[in-house]
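Presented below is the structure to which this report refers.
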Amino acid sequence: MNDCIFCKIVQGLIPSAKIYEDDDFLAFLDIRPANHGHVLIIPKVHAERVTDLPESILSRELVLAARIAAAVLAATGMTDFNLFNTNGAASGQEVFHHHLHVIPRKAGDGMKLSIDPQTYREGEMAEIAGAIRRRLDLREPGES
Ligand code: 5GP
Ligand code: ZN
């Protein structure tokens with residue numbers, strides 16, 4: 001895609017500190033890291049959200065993420081990590097080319113994942129769980 005920063009990184013038009021590359025994926029250091037060693041993993045194909053990707057790519061991405069996370073911890077001496085992903089502006093997505101964040105963590109590193117927990121009224125959990133279950137489509141994209 002023309003004006004996508006991550007597509008430009010894939011094409012080599014913008015430099016990046018590369019961690020890994022194959023035909024379908026690229027991993028590189030985030031330019032504004034939450035902690036040193038913060039990696040972004042992207043599919044080379046432009047897709048905005050995790051839900052826009054073929055499952056063949058998605059499943060391999062998670063395998064790659066686990067391997068990269070292990071390497072990040074070994075290289076940085078950090079003990080733990082967050083694996084996360086944003087989908088849409090309201091979720092904090094700033095670059096609209098799907099990416100997974102691998103963020104190395106250690107106790108007291110100061111990074112906050114701020115969640116303000118809500119509550120369910122009586123019966124609401126069953127209602128919402130049912131509504132989601134009814135809409136869960138386990139077919140592969142393109143399958144009928
Ligand atoms: P998002 O908020 O969309 O989940 O995360 C986008 C991430 O991309 C941010 O953490 C930001 O620091 C990173 N980023 C944005 N532009 C560039 C860039 O040109 N190069 C690199 N390496 N990372 C970038
Ligand atoms: Zn792109």
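Indexing begins at 1, ligand by ligand and atom by atom, following the structure's order. Just so we're clear, the structure is a prediction, and the values are computed from it rather than from any experiment.
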Location of contacts on [X] toward ligand 1, heavy atoms closer than 4.0 Å:
X     : value
Phe96 : neither
Ile31 : both
Phe84 : neither

Q | Closest protein heavy atom (residue, atom, distance) for atom 2 (O) of ligand 1 | A | Gly92 O, 2.8 Å
Q: Return the residue, atom name and 0.1 Å-rounded distance of the protein heavy atom closest to atom 19 (O) of ligand 1.
A: Ile5 CG2, 3.7 Å
Closest approach of [X] and [Y], non-hydrogen atoms and distance?
X      : Y      : result
Glu48  : Gln93  : O-NE2, 3.1 Å
Met111 : Arg105 : O-NH2, 3.2 Å
Phe25  : Ile57  : CZ-O, 3.4 Å

(Q) Using a plain distance cutoff, I'd like to know if His101 has any nitrogen or oxygen under 3.5 Å from a nitrogen or oxygen of ligand 1. (A) yes
Q | Geometric N/O contact Leu29 with ligand 1, under 3.5 angstrom | A | yes
Q) Taking the minimum heavy-atom distance to atom 5 (O) of ligand 1, which of Glu94, Lys18, His99 ranks first? A) His99
Q | Among Asp30, Val95, Leu100, closest by any non-hydrogen atom to atom 10 (O) of ligand 1 | A | Asp30
Could you tell me which atoms of ligand 1, counted from 1 in the order shown, lie closer than 4.0 angstrom to a heavy atom of [X]?
X     : result
Phe6  : 8 (O)
Thr86 : 1 (P), 3 (O), 4 (O)
Ile9  : 20 (N)

Q) Taking the N/O/S atoms of His97 one by one, which is nearest to the Zn ion (ligand 2)? A) ND1
Q) When you draw lines from the Zn ion (ligand 2) to ND1 of His46 and to SG of Cys4, what angle lies between them, to the nearest 10°? A) 110°
Q: Take Glu61 and His98 through the test side chain to side chain donor-acceptor pair (under 3.5 Å) and record every step on the way to the result.
A: CA-CA 11 Å; Glu61 188 179 59; His98 163 78; 2.9 Å; yes
Q.
Just to verify, which of Ile41, Leu40, Val10 counts as forming a side-chain contact (heavy atoms from CB on, under 4.5 Å) with Leu26?
A. Val10
Q. Hey, is Asn85 one of the residues with a heavy atom under 4.0 angstrom from ligand 1?
A. no
Q. Any donor and acceptor pair, going by atom type alone, linking the side chain of Glu127 with main-chain N or O of Glu124 inside 3.5 Å?
A. no
Q. Do the charged groups of Arg60 and Asp24 touch, with an N to O distance under 4.0 Å?
A. yes
Q) Got a second to check how far Thr76's OG1 is from His38's NE2, nearest 0.5 Å? A) 12.5 Å
(Q) Ring-plane angle category for Phe84 and His101, please: parallel below 30°, perpendicular beyond 60°, tilted otherwise. (A) parallel
(Q) In the structure I gave you, are the side-chain heavy atoms of Asp80 and Lys106 within less than 4.5 Å of one another anywhere? (A) no
